[in-house]
Each structure stands twice: as structure tokens, then as C-alpha cells.
Amino acid sequence: MIITLQKELTHLTMESINIEKEIRDLESFPDEKYLEIIRKVGFECDRCGKCCTSEFNDHIFLLDDDAQRIIEYHGREFLRPAPYFDFCDNLGRFYVMGYALKTKPNGDCIFYTGSSCEHYEDRPRICKIFPYMLHREPDEDGNIDFRQIGGLDEHGLYHNEICEGALKEILKTVKEYESGFLKQQLEFIKYVGKYFKDNNLRINQQMYDRMMRLYQKGTAIEVFVFYRGKFEKEVIIPVQIS
Ligand code: SF4
């Protein structure tokens with residue numbers, strides 16, 4: 001189904017309004033509540049490397065500054081468009097809000113050596129905040145709030161005591177990451193609206209499904225990745241999981 005331009009723009013505007021609200025909610029969320037979540041989880045990385053494997057993690061999303069650092073220090077070949085593309089246009093081209101770290105043929109992170117991270121001290125921010133990632137979600141009583149979403153008790157060490165200094169550092173990093181993610185998403189949505197309008201394109205879900213089926217059978221597809229305020233065109237073929 002091809003959505004009409006007006007409907008499309010209204011949909012994107014609604015999405016922008018929701019993200020703006022989420023940013024405001026995040027910024028006004030009391031630090032003490034965040035600290036409580038971090039204290040309760042009490043995670044300590046024992047460098048088991050499980051979260052770097054395809055078993056636990058299917059992609060490492062990179063905020064623009066993470067992607068920029070990867071390009072500068074390692075090269076563009078370490079990036080790929082983040083999976084789960086957001087839109088497809090009527091010409092069969094996909095759009096996504098950023099890059100992810102490349103994976104090995106077996107789906108593990110490209111920096112995972114088989115026992116640890118090759119660049120642990122300089123790992124992307126999403127790896128640094130694991131498993132404290134937050135999402136605005138309803139609790140069991142339907143109250144919308146920020147909730148911790150990282151997999152618990154599956155690897156690493158939990159329920160440790162964390163000193164005040166470390167707690168504050170984690171809090172700062174989590175807030176920076178979550179707000180950076182939402183701001184990148186907001187910029188992307190706004191840019192999509194303008195780009196589609198200027199280029200007379202339409203969002204097309206049928207085309208999305210059709211191109212995805214072709215992609216899964218091995219056809220190369222074009223993906224426009226939102227990076228530093230504009231789109232970069234990438235051509236990708238499916239990674240064969242061994
Ligand atoms: S960058 Fe390092 S810490 Fe992050 S998933 Fe890859 S190997 Fe693991």
C-alpha cells in the first residue's frame with residue numbers, strides 16, 4: 001500500500017512529537033530513580049564476552065559519534081547499516097537511523113576475539129551502558145515509566161555493591177546514551193519527512209516486504225543510512241550465518 005503524502009507527513013509528525021515527549025520525560029526523570037535501578041542491578045562485567053556473541057546480541061547500534069570514532073580508528077569497513085530498517089520507499093530503497101558495528105559470518109561482533117573484546121577500553125557506548133539500557137514502557141499496572149531492558153542474570157555478575165562514584169558515572173553515561181539515541185532518532189524522522197517530500201517519494205510497506213524477501217534470497221539492496229545529518233547510500237547483501 002502506498003500511503004498518501006499527507007498521511008505520511010502526519011504520521012512522521014506524530015512520531016516526532018512522541019519522541020520529543022520521550023526526550024522531555026527522560027530529562028526530567030529523577031536521578032534518584034535511575035540510581036535505584038542501577039543499584040538494584042549491581043552489574044559487574046567479568047569479561048565473559050557473551051553479550052558480544054550472536055546468541056545474546058544481534059547488533060551493536062552506534063550513535064553518530066561512536067560511528068565516527070570507528071571510521072577514524074578502524075575504517076569504514078567495520079560498519080554496516082543497523083538492521084531492522086525503518087522505511088522503504090516506492091523505488092524499493094530502505095532507510096535506517098544509523099550504523100551498527102559489523103558482525104563476523106557467525107553473527108558475533110567483529111571486535112570479539114572469541115574470549116574478549118579487542119577494543120574493550122574504547123568500546124561503543126551501548127557496550128559501556130550494558131545492561132542498564134532504559135526504555136519507556138508500561139509496568140505491570142500499565143504505568144508508563146523508564147524501565148531497565150538489558151537481559152538480567154544471563155551473564156556477568158549481578159547484585160554487587162557499586163560505590164557512589166561509579167554509580168554516578170554509570171548514571172551519566174546511561175542518560176547521555178539514551179538521550180543521544182532519541183535525539184538521533186528525532187533528527188532522522190524529521191529528515192525522512194523532508195527528504196521524501198523534496199524527492200517526491202512515498203513510504204511503501206508492500207515494497208518493504210517484497211524487497212526484504214528478495215534480500216533474504218540473496219539480492220543486494222540499497223540502504224540510506226542517516227549519519228551526521230544526511231543520508232549515506234550503502235549497498236548490502238545478506239550475511240550468511242555459518
Ligand atoms: S565492541 Fe567489544 S564489548 Fe562491544 S560487543 Fe563488540 S566485542 Fe563486545
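The model shown is predicted, which means the values in this text are computed figures rather than measured ones. Here, residue 1 is the first one in the sequence, and each next residue gets the next number. Whatever order the structure lists ligands and atoms in, that order sets their numbers, starting from 1.
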Under a 4.0 angstrom heavy-atom cut-off, which atoms of ligand 1 come close to L101?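 Checking each atom against L101, I get 1 (S).
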What atoms in ligand 1 come closer than 4.0 Å to a heavy atom of F111? 1 (S), 7 (S)
Are H119 and Y73 an aromatic pair, judged by ring center distance below 6.0 Å?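 No, ring centres 6.0 Å or more apart.
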Heavy-atom distances under 4.0 Å decide this one: backbone, side chain, both or neither, for P124 against ligand 1?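 P124 to ligand 1: side-chain contact only, backbone stays beyond 4.0 Å.
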Part of I126 within contact of ligand 1 (heavy atoms, under 4.0 Å):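 No part of I126 comes within reach of ligand 1.
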Hey, is CZ on R210 packed in by over 12 heavy atoms from elsewhere, all under 6.0 Å?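 12 or below, so no.
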Atom CD of residue position E77 - does it have more than 12 heavy atoms of other residues, nucleotides or ligands inside 6.0 Å?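 It does: E77 CD has more than 12 such atoms within range.
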List the closest protein heavy-atom neighbour of atom 6 (Fe) of ligand 1: residue, atom name, distance to the nearest 0.1 Å.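 Atom 6 (Fe) of ligand 1 sits closest to the protein heavy atom C109 SG, 2.3 Å.
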Shortest protein heavy-atom distance from atom 2 (Fe) of ligand 1, along with the residue and atom involved: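 Its nearest protein heavy-atom neighbour is C117 SG, 2.3 Å.
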Please say yes or no: joined through hydrophobic side-chain contacts below 4.5 Å, possibly via intermediate residues, are I38 and Y158 part of one cluster? yes
Pick, from N57, I60, T53, D108, the option with the minimum heavy-atom distance to atom 5 (S) of ligand 1.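 It is I60 whose heavy atom sits nearest to atom 5 (S) of ligand 1.
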Just by modelled atom types, is the D122 backbone N or O under 3.5 Å from a matching donor or acceptor in the R69 side chain? yes
With respect to atom 2 (Fe) of ligand 1, please indicate if C52 possesses an N, O or S atom at a distance under 2.8 Å.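 Looking at C52, which is the residue asked about, there is no N, O or S atom under 2.8 Å from atom 2 (Fe) of ligand 1.
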Hydrogens and angles aside, do Q205 and D209 bring a side-chain donor and acceptor to less than 3.5 Å of each other?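 Indeed, the side chains of Q205 and D209 share at least one donor-acceptor pair under 3.5 Å.
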Backbone or side chain, does C127 get an N/O/S atom under 2.8 Å to atom 4 (Fe) of ligand 1?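 True for C127.
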For Y215 and P238, work out which heavy atoms get closest and say how close.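 Nearest pair, atom of Y215 first, then P238: O-CG, 2.7 Å.
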